[in-house]
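To start, the structure under review is shown below, and the notes come after it.
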Amino acid sequence: MIRFESVSKQYPDGTVAVSDLSFEAPTGKITVLVGPSGCGKTTTMRMINRMITPSSGRILLDDQDTADLDAATLRRGIGYVIQHAGLFPHRTVLGNVASVPRLLGWPKKKSEARGRELLERVGLPPELAGRYPAQLSGGQQQRVGVARALAADPPVMLMDEPFSAVDPVVREQLQDEFLRLQDELGKTIVIVTHDIDEAIKLGDQIAVFEAGGHLAQMATPAELLSRPVNDFVADFVGKDRGYRALGFQAAGELPLHQEPTFAVGQPLAEVRSAALDNWVLVTDAGKPLGWVDLATAESSATKGGDDRIAAESLNLGGTLVSTDGSIRSTLDAALSSPSGRGVVVHDDGTFAGTVIASEVVAGLGNVPDVVGSHTSTVNAGAESPGGAESAAAVGTAEPL
Ligand SMILES: Nc1ncnc2c1ncn2[C@@H]1O[C@H](COP(=O)(O)OP(=O)(O)OP(=O)(O)O)[C@@H](O)[C@H]1O
């Protein structure tokens with residue numbers, strides 16, 4: 001654990017970059033420092049590995065005052081990743097990654113073996129090992145930067161805007177892979193970013209800084225979105241915070257409706273007699289394939305078309321949600337479905353039931369302080385005309 005105790009930093013020209021800062025970055029978790037430009041994030045982070053010396057206060061690493069540790073020893077246990085990766089331009093990719101174990105005195109062969117293992121870990125093909133940084137894309141360079149920071153297997157990683165130098169699509173990929181890697185490695189990580197969306201996606205906890213290095217709020221992403229402590233934080237987090245907060249709220253006891261499902265090749269007359277609605281759900285071995293607009297299929301049958309459900313008439317719109325996720329993905333599934341009913345599936349992908357957008361919205365009354373509704377008496381499990389139902393918590397969306 002990293003602990004800041006009343007830490008301040010005043011630069012020689014009088015600039016107070018950080019003032020009276022106290023917080024903890026827990027072991028094995030990602031703490032994100034976020035805030036507008038110049039608010040002291042980088043200064044805060046660099047005080048952890050003593051690239052910058054605090055003017056007052058203490059920074060403890062696992063209860064040891066970092067000021068008492070030898071700076072080189074301290075840094076050996078702390079990986080450091082910066083924007084644009086900060087690679088050595090005249091060393092190959094492998095040379096860059098292996099440089100850290102080499103510095104630790106490992107023999108060349110062992111260092112390179114470790115380097116290759118790490119390149120694979122961060123998703124870089126082995127044939128890139130012999131290239132120079134300038135021969136890589138921005139995203140590849142960032143991956144090399146992460147691999148290099150991991151090379152000595154440090155328990156702590158500091159990352160300064162690690163994904164900001166790449167385009168938004170690559171950025172998303174890098175963030176996803178980084179989270180997967182962290183799931184395996186469980187490092188204690190401090191990340192600096194100015195991007196609140198990145199903070200919300202990556203952080204186990206988020207420290208929002210105000211100018212002058214003041215900590216405005218330290219909270220989990222869900223708390224930050226639902227309960228910003230003041231107007232500054234609310235503004236910084238953004239106007240759509242209510243909707244984004246739903247991504248962290250379990251759908252809980254929302255009603256899950258049962259409905260008949262049909263198969264490709266089934267006669268339309270048979271489908272019509274069992275259907276509850278004009279839109280019918282088609283499955284294969286219990287797994288949803290798509291929706292069919294029955295009226296359109298029947299009208300085409302009267303004109304000499306197929307009088308059975310045809311694979312070509314499947315509408316693939318809408319997303320699937322699993323039975324253990326968030327209100328936001330449930331709402332997305334219901335709103336994106338051509339039938340107006342979101343399809344919920346079990347872990348094995350088989351059909352569990354459907355959800356209706358209006359009921360998801362009604363269920364929001366149970367989410368405190370999120371969308372301005374403070375009602376706690378909405379019975380989200382109420383009987384509805386769709387038929388039998390069971391409690392559903394629905395989640396991660398996938399294309400249908
Ligand atoms: N070496 C220095 N000497 C004097 N002032 C400095 C020095 N380094 C940073 N500052 C000032 O300290 C304040 C905090 O800077 P810092 O780099 O920590 O902010 P930041 O939040 O990381 O900003 P950004 O998001 O723009 O990188 C700023 O006002 C900056 O101008």
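Ligands are counted one by one from 1 in listed order, and the atoms in each one are counted from 1 as well. Everything quoted here is computed from the prediction, not taken from an experiment.
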| said: Do T350 and D348 pair up side chain to side chain, a donor and an acceptor below 3.5 Å, judged on atom types alone? | reply: yes
| query | Tell me, which residues have any heavy atom less than 4.0 Å from some atom of ligand 1? | reply | Y11, D13, T15, A17, P36, S37, G38, C39, G40, K41, T42, T43
| Any pair counted as salt bridge (charged side-chain N to carboxylate O under 4.0 Å, His left out), so long as it reaches residues 276-296, sequence neighbours left out | D277-R341
| Quick one: does K29's side chain get under 4.5 Å of E24's, heavy atoms only? | no
| message | The criterion is salt bridge (Lys or Arg N to Asp or Glu O under 4.0 Å); which residues satisfy it with E223, sequence neighbours excluded? | response | none
| note | Across all chains, not counting sequence neighbours, the salt bridge (Lys or Arg N to Asp or Glu O under 4.0 Å) partners of D176 are K201
| said: Any salt bridge linking D153 with K187? Criterion: basic side-chain nitrogen under 4.0 Å from a carboxylate oxygen. | reply: yes
